[in-house]
Amino acid sequence: MKTSGICPKCQCDVLWYVANVAANEETGFIQQQPTFQLAVTGDGTSARAGKIEAYACQQCGYVELYLKERLTVDGKHVVERRRSAGTPYRS
């Protein structure tokens, strides 16, 4: 949807862009509402990474999320996985 501008589910071309996806955490202060981040990278609220943006279809409600920044692969909190070099089919 981000590049095509069209919903892959219903082919609608009216999309909503959400620059900062809400984290749905209650902070008690409306000015301090955190944005959703994909990865927890340690302890505490500041140990997060991977800010998210969203595109939503106005017609059917389908949503796609995209990373706004690259994550650092640390092997603990963010692990890179690759498909094995073998055949994609199971025997």
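As the structure is a computational prediction, the values presented were derived from the model and not from experiment. All values below come from the heavy atoms of this structure, side chains included, with hydrogens, waters and symmetry mates left out.
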Hydrophobic cluster identity match, Leu71 and Val21, side-chain contacts under 4.5 Å = yes
Is Val18 reachable from Leu15 through a run of hydrophobic residues whose side-chain heavy atoms are each under 4.5 Å from the next?
-> no
With hydrophobic residues grouped by side-chain heavy-atom distances under 4.5 Å, do Tyr62 and Tyr17 end up in a single group?
-> yes
Donor-acceptor contact below 3.5 Å, side chain Lys51 vs main chain Ala19 = no
Who passes ring pair (Phe, Tyr, Trp, His ring centres under 6.0 Å) against Tyr66, sequence neighbours left out?
-> Tyr55
When rounded to the nearest 0.5 angstrom, what is the spacing between CG in Leu65 and CE in Met1?
-> 9.0 Å
Hey, does the side chain of Glu69 reach the backbone of Gly50 with a donor-acceptor pair shorter than 3.5 angstrom?
-> yes
Does the side chain of His77 come within less than 4.5 Å of Thr72's, by heavy atoms?
-> no
Verify the cluster assignment for Val79 and Leu67: are they in a single hydrophobic cluster under the rule of side-chain heavy atoms below 4.5 Å apart?
-> no
Can you see which heavy atom on Asn20 is nearest to which on Lys68, and at what distance?
-> OD1-NZ, 3.4 Å
To the nearest 0.5 Å, atom CD1 of Ile52 lies from atom CD of Glu64 at 12.5 Å
Neighbour count above 12 (heavy atom, 6.0 Å) for Lys2 NZ | yes
